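The structure presented is a predicted model; accordingly, all values stated were derived computationally and were not measured.
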Amino acid sequence: RASTSSRCPVKSEYAFTLPRGFVDAEGKVHREGTMRLATARDEIEPLRQVEVRQNEAYLSVLLLARTITRIGELTEITPDMVEDLFAADFDHLQRLYERINTDGEAVGVVACPDCAHEFEVDLTEIEDGRLGK
């Protein structure tokens, strides 16, 4: 029997909606975006930055800037942009980062009620006890 992981690609990008939204220089509000899974390099490289050595809390800013792939129409996410997020949006993105990058805690195995085929699901996508939106 073939492993389900060999047939199903790994989900590496996650959509999000910011509670308040990023306001760009023209005053346009961007709320929808995507974040990718972090790599080991994403977590190691920022540790070399002077800002992180001076203030460990800055690590979150750099991690988010590296892993957010899009906010609205904006695709070049910088640490300055992350610093300019409203606190509620920053907190939302930190929690998303933690959720998608945890070691298997957000994955469960379910079986199809019709054919009994087992497959993995992302438990972060369960709302009100049901899969999907």
Side-chain angles (χ1 to χ4, degrees):
R1 177 170 129 166
S3 142
T4 56
S5 62
S6 65
R7 287 182 279 158
C8 301
V10 172
K11 182 175 179 179
S12 61
E13 257 195 1
Y14 295 79
F16 62 79
T17 302
L18 297 174
R20 301 230 185 264
F22 175 76
V23 181
D24 67 20
E26 286 80 43
K28 184 175 180 183
V29 178
H30 304 268
R31 293 190 63 217
E32 307 294 321
T34 52
M35 179 185 293
R36 66 172 174 76
L37 290 175
T39 64
R41 182 179 311 255
D42 290 326
E43 296 207 347
I44 293 168
E45 288 290 324
L47 297 174
R48 298 179 180 154
Q49 300 291 322
V50 172
E51 297 91 346
V52 173
R53 283 189 242 140
Q54 291 175 348
N55 180 1
E56 198 173 301
Y58 196 68
L59 177 61
S60 294
V61 170
L62 296 179
L63 288 173
L64 291 176
R66 291 177 73 99
T67 57
I68 296 170
T69 56
R70 179 181 63 80
I71 298 177
E73 300 162 2
L74 311 171
T75 56
E76 291 186 34
I77 311 303
T78 66
D80 287 339
M81 289 173 66
V82 174
E83 288 178 14
D84 287 341
L85 289 169
F86 292 111
D89 293 333
F90 183 73
D91 181 59
H92 180 79
L93 291 170
Q94 282 184 299
R95 286 185 282 121
L96 175 63
Y97 180 94
E98 287 298 322
R99 229 178 18 252
I100 69 174
N101 288 292
T102 54
D103 185 24
E105 292 177 21
V107 175
V109 178
V110 297
C112 172
D114 292 328
C115 69
H117 174 75
E118 291 185 346
F119 56 96
E120 291 183 349
V121 295
D122 179 357
L123 299 176
T124 63
E125 294 185 6
I126 295 177
E127 291 185 10
D128 301 323
R130 302 185 67 140
L131 287 173
K133 296 190 179 194

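- Asp84 is linked by a side-chain contact (heavy atoms from CB on, under 4.5 Å) to Phe22, counting only residues two or more places apart in sequence or in another chain.
- When every heavy atom of Ile68 is checked against every heavy atom of Ile77, the shortest pair comes out as O-CG1, 3.4 Å.
- Across all non-hydrogen atoms, the minimal contact from Phe16 to Arg70 is CZ-O, 3.7 Å.
- Distance check, rounded to the nearest 0.5 Å: CG of Leu63 to OH of Tyr97 gives 4.0 Å.
- If you take CD1 on Ile100 and CE on Met35, they are separated by 5.5 Å, rounding to the nearest 0.5 Å.
- Counting all heavy atoms, side chain and backbone alike, Asn101 lies closest to Ala38 at OD1-N, 2.9 Å.
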Under 3.5 Å, which donor-acceptor pairs do the side chains of residues 50-58 form with other protein atoms, sequence neighbours left out?
| unit_1 | atom_1 | unit_2 | atom_2 | d |
| --- | --- | --- | --- | --- |
| Arg53 | NH2 | Arg48 | O | 2.5 |
| Asn55 | OD1 | Ala57 | N | 3.1 |
| Tyr58 | OH | Glu83 | OE2 | 2.8 |

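- How far OG1 of Thr69 is from CD of Glu13: 3.5 Å, rounded to the nearest 0.5 Å.
- Applying the salt bridge (Lys or Arg N to Asp or Glu O under 4.0 Å) definition to pairs two or more places apart or across chains, those involving residues 18-41 are Lys28-Glu73, Arg36-Asp42.
- Considering every non-hydrogen atom in both Leu59 and Pro46, the closest pair reads CD1-CB, 3.6 Å.
- Linking ILVMFWY side-chain heavy atoms closer than 4.5 Å, directly or via other members, places Phe86 and Val29 in a single hydrophobic cluster.
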Practice task
Kindly indicate, with the supporting measurements, whether the criterion side-chain contact (heavy atoms from CB on, under 4.5 Å) is fulfilled by His30 and Leu74.
Solution key: CA-CA 8 Å; His30 304 268; Leu74 311 171; 3.8 Å; yes
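- In terms of hydrophobic clustering, with Ile, Leu, Val, Met, Phe, Trp and Tyr side chains grouped at heavy-atom distances under 4.5 Å, Val23 and Leu85 are assigned to different clusters.
- Nearest heavy-atom pair, Pro79 versus Val61, reported as atom, atom and distance to 0.1 Å: O-CG1, 3.7 Å.
- Once rounded to the nearest 0.5 Å, the distance linking CG of Leu64 with CE of Met81 reads 12.0 Å.
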